[in-house]
Amino acid sequence: MSNKITSEIKFVVELDENRVPDKLTWTAQDGGVELEEAKAMLLSIWDSNSKETLRIDLWTKDMPVDEMKIFFHQTLVAMADTFERATQDEKMASTMRDFTDYFAEKLELKG
């Protein structure tokens, strides 16, 4: 009989009186993270029963727009890397990276 190991990642969202995120913190004890503050998060979960992606997209009201642009760019780059690792589809991953370069250029993120 094998022993199953579990690991927990916890997100805490503090809301203002209008239910707008005021503060985000997260904990991942296996990763050495304890109540680390964040300004934004994107979480995608695959529902294999309905064959669709479920999402939680949150950002605090004090997340600066310039940082949100950088956050999205870095997320897109990471998605291209993850896509390639998960599918071994180098050609499409390269196409995705071309888009991330275009995205960064249009937002003037790379100088």
Side-chain angles (χ1 to χ4, degrees):
M1 189 183 314
S2 69
N3 291 332
K4 300 231 180 200
I5 299 172
T6 63
S7 182
E8 182 176 270
I9 300 171
K10 181 178 177 182
F11 298 97
V12 177
V13 182
E14 292 181 24
L15 305 173
D16 69 10
E17 63 279 353
N18 297 314
R19 301 190 57 80
V20 173
D22 206 23
K23 185 177 179 183
L24 297 172
T25 56
W26 66 290
T27 298
Q29 290 181 338
D30 286 357
V33 178
E34 184 72 35
L35 292 173
E36 189 71 30
E37 195 164 338
K39 296 286 184 193
M41 66 172 274
L42 305 173
L43 177 65
S44 297
I45 299 170
W46 179 248
D47 182 333
S48 62
N49 292 326
S50 62
K51 303 286 189 253
E52 65 181 342
T53 302
L54 308 174
R55 297 183 4 219
I56 300 172
D57 304 331
L58 296 172
W59 57 94
T60 60
K61 55 188 173 187
D62 64 339
M63 173 71 170
V65 172
D66 61 327
E67 289 184 22
M68 182 63 88
K69 291 176 181 180
I70 295 167
F71 174 59
F72 265 83
H73 176 255
Q74 291 178 1
T75 299
L76 292 169
V77 170
M79 287 176 66
D81 293 343
T82 302
F83 179 83
E84 184 172 7
R85 279 195 322 274
T87 66
Q88 284 74 56
D89 188 336
E90 295 174 17
K91 186 175 179 183
M92 185 52 71
S94 178
T95 300
M96 291 171 72
R97 288 186 189 98
D98 289 344
F99 173 74
T100 64
D101 290 343
Y102 173 80
F103 186 89
E105 177 186 323
K106 291 298 179 185
L107 290 178
E108 300 178 349
L109 297 179
K110 293 183 178 180

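Just so you know, residue 1 is the first one in the sequence shown, and it goes up from there. Treat the numbers as computed from the prediction; the structure is a model and nothing was measured.
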**Prompt:** With the 4.5 Å side-chain cut-off for hydrophobic clustering, are Leu43 and Trp46 part of the same group?
**Reply:** no
For residues 66-80, which side-chain donor-acceptor pairs fall under 3.5 Å, sequence neighbours excluded?
{"unit_1": "His73", "atom_1": "NE2", "unit_2": "Thr100", "atom_2": "O", "d": "3.3"}
{"unit_1": "Thr75", "atom_1": "OG1", "unit_2": "Phe71", "atom_2": "O", "d": "2.8"}

**Item:** Residues in salt bridge (Lys or Arg N to Asp or Glu O under 4.0 Å) contact with Asp89, at least two apart in sequence or another chain
**Value:** none
All N/O donor-acceptor pairs, side-chain side in residues 6-13, below 3.5 Å, sequence neighbours left out:
{"unit_1": "Ser7", "atom_1": "OG", "unit_2": "Asp30", "atom_2": "OD2", "d": "2.8"}

**Complete:** Smallest heavy-atom separation, Arg97 atom then Asp81 atom, equals NH2-OD1, 2.9 Å
**Asked** If you take all heavy atoms of Lys39 and Asp62, which pair is closest and at what distance?
**Response** NZ-OD2, 2.7 Å
**Fill in**
Residues passing the salt bridge (Lys or Arg N to Asp or Glu O under 4.0 Å) test with Asp22, sequence neighbours excluded, are Lys61
**Asked** Around atom NZ of Lys23, are there more than 12 heavy atoms of other residues, nucleotides or ligands at under 6.0 Å?
**Response** no
**Message:** Going by salt bridge (Lys or Arg N to Asp or Glu O under 4.0 Å), name the residues that satisfy it together with Arg55, two or more places apart in sequence or in a different chain.
**Reply:** Asp57
**Request:** Count the heavy atoms of every other residue, nucleotide or ligand shown that sit under 6.0 Å from CD of Gln88, and state whether that count exceeds 12.
**Result:** yes
**Contacts of type ring pair (Phe, Tyr, Trp, His ring centres under 6.0 Å), residue Phe103, not counting sequence neighbours** = Phe99
**Item:** Minimum heavy-atom distance Pro21-Leu58, with the two atoms named
**Value:** CG-CD2, 4.1 Å
**Request:** Taking all heavy atoms of Glu36 and all of Val33, pick out the closest pair and write down the distance.
**Result:** CB-CG1, 3.5 Å
**Message:** Under a 3.5 Å distance rule, please check whether Asp16 uses its side chain to pair with a backbone N or O of Asn18 as donor and acceptor.
**Reply:** yes
**Request:** State whether the side chain of Thr27 and the backbone N or O of Leu35 hold a donor-acceptor pair below 3.5 Å, judged by distance alone.
**Result:** yes
